[in-house]
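Note that the structure is a prediction, hence the values are computed from the model and not measured. Each chain gets a letter, A, B and so on, in the order its sequence line appears, and its residues count up from 1.
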Number of protein chains: 2
Amino acid sequence: MADPSKPARSEDNGQPARRGKPTLRTIAEITGLAVTTVSRALAEAPQISADTRRRVREVAIEIGYSPDRAAQRLKTGRTNVIAVLLDPHEEILGYGTSIMSGISKALQGTSYHVIVMPNFLNTTNVEAVNYITRNSMADGVIFSRTEPLDPRVMLLSEIGFPFVTHGRTELSTPHAYVDYDNFTFSYQATRRLIAKGRRKPALISGPAGFTFAGHLQHGFMTAVREAGCAYEILSGIDLDSPAGDIRDRVRQRYSEPDPPDSFMCGGEVCALATITGMSDCGLTLGQEYDIVAKQTSHLLGAIQPQVETIYEDLTATGEDMGRVLLQRIGGETDVDKVQMLLSPQIPSNW
Amino acid sequence: MADPSKPARSEDNGQPARRGKPTLRTIAEITGLAVTTVSRALAEAPQISADTRRRVREVAIEIGYSPDRAAQRLKTGRTNVIAVLLDPHEEILGYGTSIMSGISKALQGTSYHVIVMPNFLNTTNVEAVNYITRNSMADGVIFSRTEPLDPRVMLLSEIGFPFVTHGRTELSTPHAYVDYDNFTFSYQATRRLIAKGRRKPALISGPAGFTFAGHLQHGFMTAVREAGCAYEILSGIDLDSPAGDIRDRVRQRYSEPDPPDSFMCGGEVCALATITGMSDCGLTLGQEYDIVAKQTSHLLGAIQPQVETIYEDLTATGEDMGRVLLQRIGGETDVDKVQMLLSPQIPSNW
DNA sequence: AGCGAGATTTAAAACGTTTTCATGATTCGA
DNA sequence: TCGAATCATGAAAACGTTTTAAATCTCGCT
């Protein structure tokens, strides 16, 4: 049935290149087809006969062909790459790991691959997106640590480059995001402390400048105001601070008058450091003081299982971000489909 | 002085494209030069007159030109990208972070950028290098968790693709690596336990299959044999195990006869988990038992400062790997220059 | 004047794809 | 039997660079 009229010898070819990576031309020469046809066949174009498609596919596999990404990029402008921006505070522990495995899962089975653009020099966060967009390093970007007036969001929105943020902004132009409801988390966590009889909760706040820090604070304040109790926002430290600094600050605070009697911690390391600081002052968790923390890994559960936590599923978050980004790349603009607010699971026994 | 005989009007051009990203042709049209010349000028080729170089540079900046990486790649085969392979187990707080900031530092000021290729699906580790080399995603690769007969090393060596590993192999063909002397670390740490009077140290081993696990074990065994004391290699867990598993295993071991009286921990989370397990059994660090651990971050120092540690500077390691890789890419083959073994700093008061 | 040697600049090919447009077969309706 | 429609393939242009080989220009020198 297969009757190539052109001389389609598969082994002996006259002059052309035999060394180097196999390319479309290699396949074309072997099969006796034109480069165009081969390209189409590999793309499973319907206009190419099923027979030819199969033959091309077979030869491609046999000689170990894989398309040159650079050439595809140059021609199509598409990269088949998703870039994730990560910065050193997102300790590739836990946060990065969970987010990344979620994203990977969402992209599995698609033609997209993930790369991470780390920002471990102290460059501004907008430089990375600049680099990516200007050099066409990716078809879409994912990043977190979103700011209320995030310059990355403004830039990307303006040029219409697909992206998803972890966290919201306060910009008027809507954009794709996936966020955890940190207000509710913080509100419920603080209420829990108060329900346990604590009268002066302290908040270890998120790093200033990020939207989620405001949400944490807002939830905290709402709870203490409702209860009409005293409160404190620990100064000088935040969730980005080294554990040692948090420990020292907590310890120091207890040498001063009128210390807090409980803590709302936005992270596990923060909780551990707080416990250590309190311990140094001779105070015991669950007796003289309480802690509620956000849980994103299994560290705290293994080391200090008695700390009460509310879970944030970062893997699910990553998966959502991946899915949403694919939709955005596909042209989806419906806000309802590209904005997600994930609700904290409040433990049932609270 | 500058007298282009060709019509070099800078604003009014007849027919050609005015929209889209500026390209070499755009600059050529504006300056009245040929594309070739512009390309050369931007590359600071000496054959182009200083005057022309300057003019081209100015125009390039003015119109916000940046070269199309895809085209450069296609033509030159070079990518100006370094890929770092990371896998989910390297979450050990800070590993990724420290290594990455070291690498970034080494690459600062060069034309290279780092990307991370995460392997958060459970694909085999050789797939990532395959993807990178086949798709020309990078000019060089860095990875860790090296195995004695690492297939990635074999593959890359064979095709001559530049790479550096964190950790050694046992392959006969030499390759670029940066490694920490885990034998000496383990040996000295174990000696320290014995010097403190412990008679039955336990090793929590590295995950089977990786070269460094063997080194840890060898160092440990050398020390206990020298001292002629009892020892134990805790079964069922390793440094990759979740903290909860390590804690439980330690706890369980103490319910059985003849338990160890000290621990050599290759990581900080492992040490924390061990302490928690022992604590649960009512045992106190420094009294009933001792621990020596490897320190790679500031977590342990903040939470359990009394644990004795030997430091491994992963940022320095990353920096070395970056430097070595650049040399390899530059063609360096001298083994002395591309193989580094970093010595543990033994605390002076031991 | 003429000629070769630098010194500058340029035209054209190439990298490996995808895409636009055209072409040669085959089949179909009348 | 003849176009028209359908099907399968192909030639050539294009994407934006770099590179090879060649062209032009400018001098100094005979």
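- Atoms CG (B:Asp51) and P (C:dT9) sit 9 Å apart, rounded to a whole Å.
- Taking 3.5 Å as the limit, the base of D:dG16 and the side chain of B:Arg73 contain no donor-acceptor pair of atoms between them.
- Rounded to an integer number of Å, the gap from B:Leu24 CG to D:dC15 P is 13 Å.
- Each of D:dT19, C:dG16, D:dA12 was ranked by its minimum atom distance to the side chain of B:Leu74; first place goes to C:dG16.
- Residue B:Ile82 holds its CD1 atom at 12.5 Å from CE of B:Met137, rounded to the nearest 0.5 Å.
- One can find a donor-acceptor pair under 3.5 Å joining the base of D:dA12 and the side-chain atoms of A:Thr36.
- The distance between atom CG of A:Leu42 and atom P of D:dT9, rounded to the nearest whole Å, is 13 Å.
- Each of B:Ile48 and B:Thr76 has a nearest nucleotide on DNA chain C; the 5'-most of these lies closest to B:Ile48.
- If you take CD1 of A:Ile27 and P of D:dG10, they are 14 Å apart, rounded to a whole angstrom.
- Residue A:Phe163 holds its CZ atom at 13.0 Å from CD1 of A:Ile132, rounded to the nearest 0.5 Å.
- Once rounded to the nearest 0.5 Å, the distance linking CD of A:Glu58 with CZ of A:Arg54 reads 5.0 Å.
- Between A:Asp68 atom CG and D:dC15 atom C1' the separation is 13 Å, expressed in whole Å.
- Residues B:Val141 and B:Met117 form no side-chain contact, since every pair of their non-hydrogen atoms from C-beta on lies 4.5 Å or further apart.
- Put simply, the side chain of B:Arg40 and the base of D:dT17 share no donor and acceptor less than 3.5 Å apart.
- For A:Ser49, no side-chain nitrogen or oxygen approaches OP1 or OP2 of D:dA8 to under 4.0 Å.
- Note that CG of A:Leu24 and CG of A:Leu33 are 11.5 Å apart. Values are rounded to the nearest 0.5 Å.
- Side chain of B:Leu33, nearest nucleotide from C:dT10, D:dG10, C:dT19: C:dT10.
- Two end axes, each from the C1' atoms of five base pairs, can be drawn for the helix from C:dA1-D:dT30 to C:dA30-D:dT1; they diverge by 70°, to 10 degrees.
- Nearest heavy-atom pair, B:Ser66 versus A:Arg134, reported as atom, atom and distance to 0.1 Å: CB-NH2, 3.3 Å.
- Between A:Gln72 and the phosphate of C:dG16, there is no side-chain N or O to OP1/OP2 separation shorter than 4.0 Å.
- Side-chain N/O atoms of A:Thr52 and base N/O atoms of D:dA8 include no donor-acceptor pair closer than 3.5 Å.
- Proximity note for B:Thr37 (side chain, C-beta onward) versus C:dG16, C:dT10, C:dA14: the nearest is C:dT10.
- Considering only heavy atoms from C-beta on, B:Leu42 comes within 4.5 Å of B:Tyr65 through its side chain.
- The side chain of B:Ala71 approaches D:dT17 more closely than any other nucleotide in the set D:dT17, C:dT10, C:dT17.
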